[in-house]
Amino acid sequence: MPDPWRFHGGVHPDDGKALSAQGAIRKAPLLEKYLVPLQQHIGAPPKLVVAKKATVRRGQVLAEPGGFVSAAIHSPTSGTVSDITECIGPGGSPIPAVEITSDGQDTADTCLEPIADWENAAPDVLKKRVGEAGIVGMGGAAFPTLVKLSPPLAKPIDTLILNGAECEPCLTADYRLMLEMPDRVVAGARIITRILGVKQTWIAIEANKPDAEACVRQKAEGTGIGVQSLRVRYPQGAEKQLIYALTGRKVPAGGLPMDVGCVVQNVGTAVAIAEAVLDGKPLYERVTTVTGTPVVNPGNWRFRVGTPFRAALTLAGGVKEDPAKMISGGPMMGLTVYSLDVSIVKSTSGILLLGPSEVSQFRSGACLHCGRCVDACPMLLTPATLSVQIENERFDLAEKWNAFDCIECGCCAYVCPAKRPLVQHLRRAKAEIMVRRRAAQAAAKR
Amino acid sequence: MTGAIFVLTVMGLLLGLVIGITVKFFGTEPDPKVEKIEALLPNANCGGCGFAGCSDFARALAGGKAEPNQCPSTNTETAAQIAALLGVALGVRQPKVAVVLCGGDNTKAAKAALYNGVNDCRAATLVAGGAKACLRGCLGLGACARACPFKAIEITGASLAVVHADVCTGCGKCVATCPRKLIRLVPTSATLHVLCSSPEKGAAKRKKCSAACIGCQKCVKAAAGAVSMEGALARVNYDHQPSPPGAIAEVCPTHCLQPALLDVTPVPTPAASASEVAHA
Amino acid sequence: MADHEIRLPDPGKLIVSSSPHFADPQTVQKIMLTVILSLVPACLAGIVCFGLRAAGVLVVCCVSCVAVEALAARWLKRPMALRDGSALLTGLLLGMNLSALTPWWICVIGSVLAIGLGKMIYGGLGYNPFNPALVGRVALLIAFPSVMTTWVTPTPGQMLGDAVTTATPLGTLGTLHRWVPDQVMACGGQALSYWDLFTGNLAGCIGETSKVALLAGGLFLIWKKLIRWQVPVCFIGTVAVMTGVAHALAPELRAPPLFHVLTGGVILGAFFMATDMVTSPMTGLGGAIFGVGCGVLTCVIRLWGGYPEGVSFSILFMNALTPMIDQFTAGRPFGARPGKEAAP
């Protein structure tokens with residue numbers, strides 16, 4: 001039975017998953033050096049707790065949460081803190097980073113004990129572990145998971161949804177996880193269910209991964225966890241669209257899933273939580289897809305956080321031709337990266353290379369008012385009108401036309417026949433409106 | 001025909017009467033003082049005074065809620081005229097001018113990649129930070145030039161924002177616009193600028209830009225207190241200005257230390273519109 | 001593993017841009033060329049009916065529209081956008097809206113007005129509020145009323161026959177002011193059947209006579225999702241309903257609905273002119289409102305106005321309302337609370 005509630009709009013790009021879907025997840029060999037960025041999540045920057053030249057073990061805390069919405073960062077291997085420097089963040093802004101030089105021993109830190117009897121452990125103990133392990137949303141947004149698992153009392157949660165849709169084309173990391181570690185996916189789901197004390201738990205998987213669905217369904221049998229097949233339509237995995245598809249509840253505009261009693265977690269996050277609880281392992285490695293037609297051997301690897309893209313691409317055999325784009329994430333929402341020194345972080349779901357013939361550039365052309373973007377927008381916005389307002393720097397109008405409801409899924413720009421950079425316009429408008437709001441607040445304080 | 005003329009005449013007279021009565025009973029007398037002040041103000045609505053445009057400021061002045069020297073965009077004589085009109089003393093004011101603290105144009109600063117997207121600095125910083133190797137360099141996409149109400153900022157042919165000090169009134173609108181915070185308001189008396197804002201180590205900067213401050217400290221020795229080091233970056237102490245500046249600027253090996261430009265020509269070309277898309 | 005053999009990406013060749021990095025293969029040029037393709041059957045039908053004269057008019061309009069666009073772009077220092085095919089489409093539509101007897105110089109003037117006044121002065125494709133081809137046609141209709149209403153009797157199959165002028169059924173109806181089937185349904189001394197109206201064996205503009213060819217092209221565009229079905233369905237439906245009511249109330253005076261739908265430019269207008277992307281609303285609901293508006297205005301002009309035909313005027317009028325309809329029909333964002341304004 002496909003999802004009962006269909007969201008509006010969406011697109012159906014070529015999924016390109018065949019390139020990397022076949023091989024099993026491989027373990028990346030140990031590197032000599034890791035460059036660990038000190039901001040891998042949305043929220044407050046964490047506080048560095050190690051000094052230069054300090055000796056660290058694998059899984060030792062390098063930085064502690066710098067606030068409620070923040071997450072700890074752990075060392076990817078054992079060795080020494082060889083430098084405290086800066087690196088290019090995923091958004092292109094410089095962020096502080098720690099360079100770890102490996103001692104080759106990969107000695108594990110033992111401060112986190114496995115919680116063997118987790119099925120009877122107190123929810124607070126499990127929740128504490130999620131925080132200690134520095135777990136953040138691994139689907140791409142990197143929101144600290146502990147915050148999502150600590151809903152205010154005024155917002156009772158009754159539904160947990162594990163997002164295994166993986167609607168982004170080309171990426172197969174979640175697919176391989178569900179195929180190879182369905183027990184961990186289900187264990188993670190049960191741990192989160194226990195933490196939240198919810199009545200119903202769903203694992204949602206797009207219908208184009210029937211084998212992964214069968215694996216998860218088999219392991220979920222008898223646990224009370226439902227497995228739901230979803231229509232293949234981008235952006236099926238977007239939080240609000242996913243909740244609607246499964247429950248028919250609409251997250252209010254400007255609101256959060258908890259406003260409708262839901263929590264959504266990526267399946268990768270669930271696996272990380274299972275490992276934190278069952279193995280006492282903090283989040284210092286993740287499965288990342290390295291793919292794209294220029295890549296010699298596309299596939300999925302388990303990389304330590306702080307692995308430079310250079311090392312990841314070397315492992316994948318390098319490239320056959322010079323790519324025109326290097327993307328951190330998938331083709332619909334990923335960020336372009338131009339340096340091979342950028343590190344894999346907790347939210348790097350994929351490294352995608354596109355050849356020159358696959359890249360369609362944005363152009364300066366007038367909007368034709370064809371309305372294809374209006375049809376495609378899953379948030380029911382009017383990107384055509386918004387983009388013209390933003391070109392004319394009328395951010396006040398853009399705010400009135402609900403620019404802030406844009407989820408930047410990219411459907412509008414995907415369908416635009418004039419190849420207008422609609423998502424960039426919207427992102428610019430949001431940034432400009434925030435700058436103006438902050439200025440107005442500062443003026444009001446004076 | 002005559003009927004039509006008659007009807008139109010009567011209608012005109014009646015409507016005129018209605019307007020006359022409305023003005024008589026509901027109209028407000030404009031404050032002549034406010035009008036006179038407004039005529040003296042630049043009416044560029046830059047917001048540099050902290051009020052919502054020049055009319056708002058004029059009303060505040062007439063109501064005694066603002067000082068004539070709060071407007072950064074009037075010269076001293078005009079401010080004195082306004083003060084005389086209000087019958088208040090003109091306070092001391094420090095006229096300011098904006099300066100872009102980056103000298104890395106296309107010929108000096110390296111490009112790390114090709115940029116395809118909206119011709120606007122903030123839009124570019126949202127996309128991998130633009131394509132400039134230096135993450136603190138001027139992107140040259142003209143957000144400040146478009147924001148300037150006085151058209152005092154030029155984007156040079158080599159994609160660098162340059163403030164024309166003779167046109168700039170120091171309203172500060174550009175300062176808030178620059179996503180890389182490269183624009184500073186300095187006293188108009190400033191004679192010397194360090195045209196670099198990157199705190200990176202000298203060697204790292206030198207790789208990315210031939211006009212970067214490499215932290216050699218030659219200027220600190222030559223300027224006797226006018227320049228000091230802030231990490232790996234030299235900073236001009238704007239309260240302590242040397243003259244003549246030329247001799248000190250000459251010691252800088254990268255020509256990052258520059259005498260202030262005073263005799264600049266009017267801005268020739270308008271900045272590109274934000275509806276243009278840069279094509280790689 | 002031999003590291004030196006592994007080739008890594010060259011950062012200097014990498015493009016940075018915003019997401020998404022995939023794009024649908026649809027382009028403006030493809031859209032325009034598909035629309036032109038869908039008009040080919042109607043053009044061929046026009047040429048079969050009215051001979052090579054009709055082909056001449058179409059060619060002159062197309063060539064001069066493209067030339068005017070090129071000259072205007074050069075003069076206004078705008079990027080040359082001939083490759084998008086929009087000027088060619090405007091030329092074709094303008095030609096289809098003219099009589100086969102239109103002299104070449106009037107075609108050229110029409111092209112100058114359509115592209116110059118209808119499109120380029122606003123900033124080119126995408127910025128024009130009105131359908132350029134209709135701007136050209138209506139301007140010519142006002143400037144050269146007699147030339148624009150001189151029609152030729154169809155001579156199917158004869159490519160170079162003599163031109164025998166005649167009136168269109170709608171024109172006759174307009175002069176008679178009453179529904180006399182024998183007189184209205186006549187063309188060059190021959191009685192017309194509804195089948196003739198449908199296949200195109202009647203006097204009229206080059207491209208508007210053959211309804212069967214137009215329907216084929218229109219349905220092709222709906223199948224290709226390049227036009228919204230709401231516009232033609234609501235347009236034609238409204239014309240049928242309104243003229244049907246008028247006919248039922250005064251059968252002596254008013255023509256039956258089938259006559260109104262099958263004569264004049266209703267089918268051409270509904271499928272190809274009212275659906276112009278740039279000048280029609282962006283949503284299905286907007287398209288429906290637009291179509292109903294066009295239908296009502298067409299009927300008002302035909303039934304009570306001074307012109308026998310009102311399709312062009314009604315579409316131009318509704319073009320002016322398009323921004324308002326778009327604002328009115330803009331969706332409320334997903335999850336917006338009821339009562340919250342969709343758009344200001």
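The sequence lines fix the lettering, A, B, ..., with proteins before strands; numbering per chain opens at 1. Excluded from the calculations below are hydrogen atoms, water molecules and symmetry mates; all remaining heavy atoms, backbone and side chain alike, are included.
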Taking every non-hydrogen pair under 4.5 Å, which of [options] racks up the most with chain C?
| options | value |
| --- | --- |
| A/Arg427, A/Glu358, A/Glu321 | A/Glu321 |
| A/Leu335, A/Thr382, A/Asp322, A/Val374 | A/Asp322 |
| A/Gly410, A/Ser360, A/Ala324, A/Cys412 | A/Ala324 |
| A/Pro323, A/Gly318, A/Ala413 | A/Pro323 |
| A/Cys411, A/Cys373, A/Pro417 | A/Pro417 |
| A/Gln361, A/Lys419, A/His8, A/Met326 | A/Lys419 |

Determine whether A/Leu380 and C/Arg332 satisfy the following criterion, side-chain contact (heavy atoms from CB on, under 4.5 Å), listing intermediate values before the conclusion. CA-CA 6 Å; A/Leu380 288 109; C/Arg332 271 192 305 127; over 6 Å; no

Which atoms of [X] come close to chain C, meaning under 4.5 Å heavy atom to heavy atom: side chain ones, backbone ones, both, or neither?
| X | result |
| --- | --- |
| A/Leu354 | side chain |
| A/Cys370 | both |
| A/Leu422 | neither |
| A/Val295 | neither |
| A/Pro294 | neither |
| A/Arg310 | both |
| A/Tyr338 | both |
| A/Leu368 | both |

Closest approach of [X] and [Y], non-hydrogen atoms and distance?
| X | Y | answer |
| --- | --- | --- |
| A/Lys325 | C/Ser17 | NZ-OG, 2.8 Å |
| C/Pro333 | A/Leu381 | CB-CD2, 3.9 Å |
| A/Tyr414 | C/Phe22 | CD1-O, 3.3 Å |

Ion pair C/Asp24/A/Arg372, N-O distance below 4.0 Å: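 Salt bridge flag = yes for A/Arg372 with C/Asp24.
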
So for [X], is it side chain, backbone, both, or neither that comes closer than 4.5 Å to the heavy atoms of chain A?
| X | value |
| --- | --- |
| C/Ser86 | neither |
| C/Thr283 | side chain |
| C/Leu125 | both |

Are the side chains of A/Glu408 and C/Ser18 in contact, using a 4.5 Å heavy-atom criterion?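 Side chain of C/Ser18 against side chain of A/Glu408, heavy atoms only: no contact under 4.5 Å found.
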
C/Met282 vs A/Thr385 side-chain heavy atoms within contact, under 4.5 Å: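 Heavy-atom side-chain distance check passes, below 4.5 Å.
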
For [X], does the [atom1] atom sit with more than 12 other heavy atoms under 6.0 Å from it, leaving out its own atoms?
| X | atom1 | answer |
| --- | --- | --- |
| A/Glu32 | CD | no |
| A/His12 | NE2 | no |
| C/Phe317 | CZ | no |
| C/Arg78 | CZ | yes |
| A/Lys320 | NZ | yes |

When only pairs under 4.5 Å are counted, which of C/Asp84, C/Val278, C/Ile31, C/Thr322 shares the most heavy-atom pairs with chain A?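 It is C/Val278.
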
Only heavy atoms, only distances under 4.5 angstrom. Which residues in residues 8-16 of chain C are near chain A?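 Contacts with chain A: C/Leu8, C/Pro9, C/Asp10, C/Pro11, C/Lys13, C/Leu14, C/Ile15, C/Val16.
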
At what distance, to the nearest 0.5 angstrom, does CG of A/Asp375 lie from CZ of C/Arg228?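 It comes to 4.5 Å.
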
